[in-house]
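Reading through the structure tokens given below for one structure.
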Amino acid sequence: VQLQASGGGLVQAGGSLRLSCEISTRTFSSYAMGWFRQAPEKERALVSGISRSGGKTYYADSVKGRFTISRDNVKNTMYLHMNSLKPEDTAVYYCAARNSAYSGSYYVDEDEYDYWGQGTLVTVSS
């Protein structure tokens, strides 16, 4: 299983970006997914998670109301819509996948994920 993250770039504060994560599997609907980020000199942390069905989502407090996670189980792709971006959102964003037996579960601990993408850099200028 391979994950390919894309969509990062340079944006001014207040702007928007959409990250995409495409997964190479025929059973995408079996995977709970998540977006993590790692800022310079900081540990990687969960930004948002989504259940297999997309019906359950989680957001870190720092992004609630600004970011929206979604998935398209036909296109094998997960998205992160980021609005009202702030300089503190600057980080490398990673997507992750976990093969889950539970359709309504998301996962918050990076150790719970089985597969990782390569990361895409988001830079927000002030």
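Hydrogens, waters and symmetry mates are skipped; everything else that's a heavy atom, side chains included, is used.
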Item checked: Residues in side-chain hydrogen bond (donor to acceptor under 3.5 Å, both in side chains) contact with D72, at least two apart in sequence or another chain -> none
Margin query: For S100, give me all partners under side-chain hydrogen bond (donor to acceptor under 3.5 Å, both in side chains), at least two apart in sequence or on another chain.
Written below: Y107
Margin query: Under the rule for side-chain contact (heavy atoms from CB on, under 4.5 Å), what residues qualify as partners of S103, not counting sequence neighbours?
Written below: R52
Item checked: E110: side-chain contact (heavy atoms from CB on, under 4.5 Å) partners, not counting sequence neighbours -> F36, R44, W116
Beyond-backbone contact of [X] with [Y], side-chain heavy atoms, under 4.5 angstrom:
{"X": "C21", "Y": "Q4", "result": "no"}
{"X": "Y115", "Y": "Q2", "result": "no"}
{"X": "S105", "Y": "S51", "result": "no"}

Next item on the list: Look at the side chain of S20 and the backbone N and O of S6, then say whether any donor-acceptor pair between them is shorter than 3.5 Å.
Entry: no
Partners passing salt bridge (Lys or Arg N to Asp or Glu O under 4.0 Å) against [X] (at least two apart in sequence or in another chain):
{"X": "E88", "result": "none"}
{"X": "K42", "result": "none"}
{"X": "D61", "result": "K64"}

Next item on the list: Could you list all the salt bridge (Lys or Arg N to Asp or Glu O under 4.0 Å) pairs where at least one residue sits in residues 5-28, not counting sequence neighbours?
Entry: none
Margin query: Do Y113 and I50 land in one hydrophobic cluster if side-chain heavy atoms of ILVMFWY residues count as linked below 4.5 Å?
Written below: no
Next item on the list: Tell me whether L46 is reachable from W35 by hopping between hydrophobic residues (I, L, V, M, F, W, Y) whose side-chain heavy atoms are closer than 4.5 Å.
Entry: no
Next item on the list: Start with the C-alpha distance between R71 and F28, add both sets of side-chain angles, then the distance that settles side chain to side chain contact (heavy atoms under 4.5 Å, CB included), and finish with yes or no.
Entry: CA-CA 10 Å; R71 63 189 293 160; F28 180 52; 3.5 Å; yes
Margin query: Can you tell me how far apart OG (S30) and CD1 (I23) are? Round to the nearest 0.5 Å.
Written below: 9.5 Å
Item checked: Spatial distance of atom OH (Y59) from atom OH (Y106) [nearest 0.5 Å] -> 11.0 Å
Output a table of donor-acceptor pairs, distance under 3.5 Å, between side-chain atoms of residues 92-99 and any protein atom two or more places apart or on a different chain; print 'none' if there are none.
from: Y93; atom 1: OH; to: R37; atom 2: NH1; distance (Å): 2.9
from: Y93; atom 1: OH; to: D89; atom 2: O; distance (Å): 2.7
from: R98; atom 1: NH1; to: E112; atom 2: O; distance (Å): 3.0

Between side-chain atoms of residues 117-126 and protein atoms elsewhere (two or more places apart, or another chain), which donor-acceptor pairs fall under 3.5 Å?
from: Q118; atom 1: OE1; to: A5; atom 2: N; distance (Å): 3.3
from: Q118; atom 1: NE2; to: A5; atom 2: O; distance (Å): 2.9
from: T120; atom 1: OG1; to: G8; atom 2: N; distance (Å): 3.0

Note to self: I need the minimum non-hydrogen distance between T57 and I69, along with the two atoms involved.
What the structure shows: CG2-CG2, 3.6 Å
Can you give me every donor-acceptor pair (side chain of residues 75-85, partner residue at least two apart or in another chain, under 3.5 Å) with its distance?
from: N76; atom 1: ND2; to: T25; atom 2: O; distance (Å): 2.5
from: T77; atom 1: OG1; to: K75; atom 2: O; distance (Å): 2.9
from: N83; atom 1: OD1; to: S16; atom 2: OG; distance (Å): 2.9

Item checked: Y102: ring pair (Phe, Tyr, Trp, His ring centres under 6.0 Å) partners, not counting sequence neighbours -> none
